Structure formats: structure tokens, C-alpha cells
Amino acid sequence: MPSSARCRRQRTPRPQRHATKNAGMFNAANPPATWASSMPLNRRPVRLLWHDEQRRVRSWTAQIFARRADGTAMLADCPSHAAAGGERALKAAAAMTRACEQVGWTYRRLEPLEPVLAANLRWLAGYRHPRNQVRPALTAAVLEAFAFPRPLIEGVEAVGDPIEVLPAAFHALWHGHLSVPLDRPLHERVLVQPGAVPRSEAVAAAGPGHETGRWFRDVR
């Protein structure tokens, strides 16, 4: 059983960094309502030590830590492919699961994202900053333009210059005020419809001094 845990930073191999980044974006885009903050993810925060069946000391460092509002937490690994790490990784996952259960946490070995979904999330993540809302009136106009499903470019052009309006539309998509099927490539004719987050929240978030917002949830 695990004997101790401590914080330690480690350098992550390049393929794992990409997998961790993608998984981080996926979880950022799908936060449970109970996450403690809008930035819950920390990288490689805990190193777990335990003894195996032969009493040899083993160790593993989870790649992601996320804390919930109730004080519990999730540790996760983000393999670049399903078999990454081999038997050692699978045994470590079992040890991590047992250790997390003892303290009321959870452990997950996250599946790699599909390439199209990962590409779409990377694109929309580039528009998550509040500056892309531009102003409350534009945000309200964008949401009104997509009050019913219609192609992206049609709704955008109904509001104004696409160069100005598209960033606001992408921002609304990331934050869940609008919705598209992210398992298919984004393009100008993609069908956009109202999202799960109330429109009133989007307009309020576009006001002066706003720094954070809710993340886009419906990515499946």
C-alpha cells in the first residue's frame, strides 16, 4: 500500500506533454459544477510511493490534479495512447486508485482525445479570453443571431463584419453560450445553436471589469 506522497516537479516527455495539454483542455471545457475554481488543474503535483508484492519501493507521479469545492480531488494521467507506459503504468494506476480511495479522492487514466475534437478545442481555447467578447452589445447580438440553429457564417454576417464578430462567436462557443458538434471539423457552414449556459450570463460577463467566465461544457 502507498507509504507516502510528496510534491515534486518533473520534466514531461514531449508526446506526454501534448497528451496532457489536450486532456487539460478537455477537462477545462467540461468542468464539473463542483470544481473549486475556474482554473482547477495543476500539473504533476503528487508523487506516490508504495511497496509492491516483493516489498520493493515503487513510485508514480500523476500528471494532473484538480480539486473540488467539497475538498475532495481528482488525480489523472493522460497517456498519449492507450498502451502508453505498459504494465508499469497499469500497476501504478491500480496503486493510485487505491490511494485515492483511502482519502476520498478519485483517479482517472484519461483516454486520448480524438484528433478532430482536440483540434477544435485548441482552436476555441484561443478565444477564451474576455477580450474576445469585445462589448456587451456585440455579445448580445451574437447570441440573438443564433437564437435558433443556423450556419456559423450566416449568423455572423447578420451581426456585422466577420473580422469583428467571429472572435465573439468563438468565445461564446468556448464558454457554452453557443454550441456546435465538436466531433466534426469546424468550418463556416457548421450549424450553431444556443448552448447550455444562459444568455444572461454571457451578456453580464461581457461587462467592464470581467475577468473570468464559465467554460464550454457540451463537447460531445
Side-chain angles (χ1 to χ4, degrees), residues 17-43 64-67 69 78 113 115-220:
R17 289 204 300 272
H18 291 317
T20 304
K21 180 179 179 181
N22 286 343
M25 284 193 302
F26 182 74
N27 282 278
N30 290 273
T34 54
W35 286 142
S37 71
S38 60
M39 292 293 288
L41 300 178
N42 293 313
R43 301 289 177 82
I64 286 179
F65 172 88
R67 182 172 294 281
C78 317
L113 295 185
V116 172
L117 175 57
N120 288 340
L121 286 176
R122 282 195 296 270
W123 177 264
L124 293 180
Y127 294 90
R128 63 181 179 267
H129 194 278
R131 65 174 174 268
N132 291 295
Q133 293 173 306
V134 185
R135 58 185 184 277
L138 179 59
T139 297
V142 167
L143 298 182
E144 182 63 30
F146 294 104
F148 56 88
R150 67 192 304 186
L152 173 64
I153 192 62
E154 289 185 10
V156 165
E157 290 181 339
V159 175
D161 183 353
I163 294 178
E164 179 184 32
V165 179
L166 275 171
F170 292 143
H171 181 86
L173 284 166
W174 174 259
H175 284 265
H177 307 295
L178 297 176
S179 176
V180 293
L182 289 183
D183 57 349
R184 284 172 280 178
L186 290 175
H187 55 84
E188 66 177 15
R189 301 296 301 177
V190 67
L191 196 65
V192 181
Q193 59 187 4
V197 179
R199 294 170 56 185
S200 58
E201 291 190 16
V203 175
H210 179 72
E211 296 296 337
T212 60
R214 293 181 64 179
W215 278 317
F216 175 47
R217 296 183 178 186
D218 183 14
V219 301
R220 291 186 183 276

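Please read these numbers as outputs of a predicted model, since none were measured by experiment. Excluded from the calculations below are hydrogen atoms, water molecules and symmetry mates; all remaining heavy atoms, backbone and side chain alike, are included.
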Margin query: Within this structure, what is the OH-CG distance for the pair Tyr127 and Leu173, rounded to the nearest 0.5 Å?
Written below: 11.5 Å

Note to self: List the residues meeting salt bridge (Lys or Arg N to Asp or Glu O under 4.0 Å) with Glu164, not counting sequence neighbours, and say none if there are none.
What the structure shows: Arg135

Next item on the list: Kindly assign one of parallel, tilted or perpendicular to the pair Trp123 and Phe170, based on the angle between their ring planes and the thresholds 30° and 60°.
Entry: perpendicular

Note to self: I'd like to check the side-chain contact (heavy atoms from CB on, under 4.5 Å) partners of Pro194; sequence neighbours left out, ordered by chain and number.
What the structure shows: none

Notebook entry, point to check: What are the two closest non-hydrogen atoms of Ala168 and Leu138, and how far apart are they?
Noted result: CB-CD2, 4.0 Å

Checklist line | Contact list for residues 165-181, test salt bridge (charged side-chain N to carboxylate O under 4.0 Å, His left out), sequence neighbours left out | finding: none

Note to self: Let me confirm one number: the OG1-NE2 distance from Thr139 to His175, rounded to the nearest 0.5 Å.
What the structure shows: 10.5 Å

Note to self: With heavy-atom distances below 4.5 Å as the criterion, would you say the side chains of Arg184 and Val190 are in contact?
What the structure shows: no

Using a 3.5 Å cut-off and no angle test, enumerate the donor-acceptor pairs between side-chain atoms of residues 146-163 and protein atoms at least two apart in sequence or in another chain.
residue : atom : partner : partner atom : Å
Arg150  : NH1  : Ala145  : O            : 3.0
Glu154  : OE2  : Arg189  : NH1          : 3.3
Glu154  : OE2  : Arg189  : NH2          : 3.1
Asp161  : OD1  : Ile163  : N            : 3.0

Checklist line | Whether Asn120 side chain and Leu182 backbone form a donor-acceptor pair below 3.5 Å | finding: yes

Note to self: Working note: Val142 + Leu178, criterion side-chain contact (heavy atoms from CB on, under 4.5 Å); need CA distance, chi angles, decisive distance, verdict.
What the structure shows: CA-CA 9 Å; Val142 167; Leu178 297 176; 3.9 Å; yes

Check: Nearest 0.5 Å, what's the NE2-CZ distance between His171 and Arg131?
Finding: 10.5 Å

Notebook entry, point to check: Among pairs that include at least one residue of residues 168-181, which meet salt bridge (charged side-chain N to carboxylate O under 4.0 Å, His left out), considering only residues two or more places apart or in two chains?
Noted result: none

Margin query: Nearest 0.5 Å, please: how far is CZ in Arg122 from CG in Leu117?
Written below: 9.5 Å

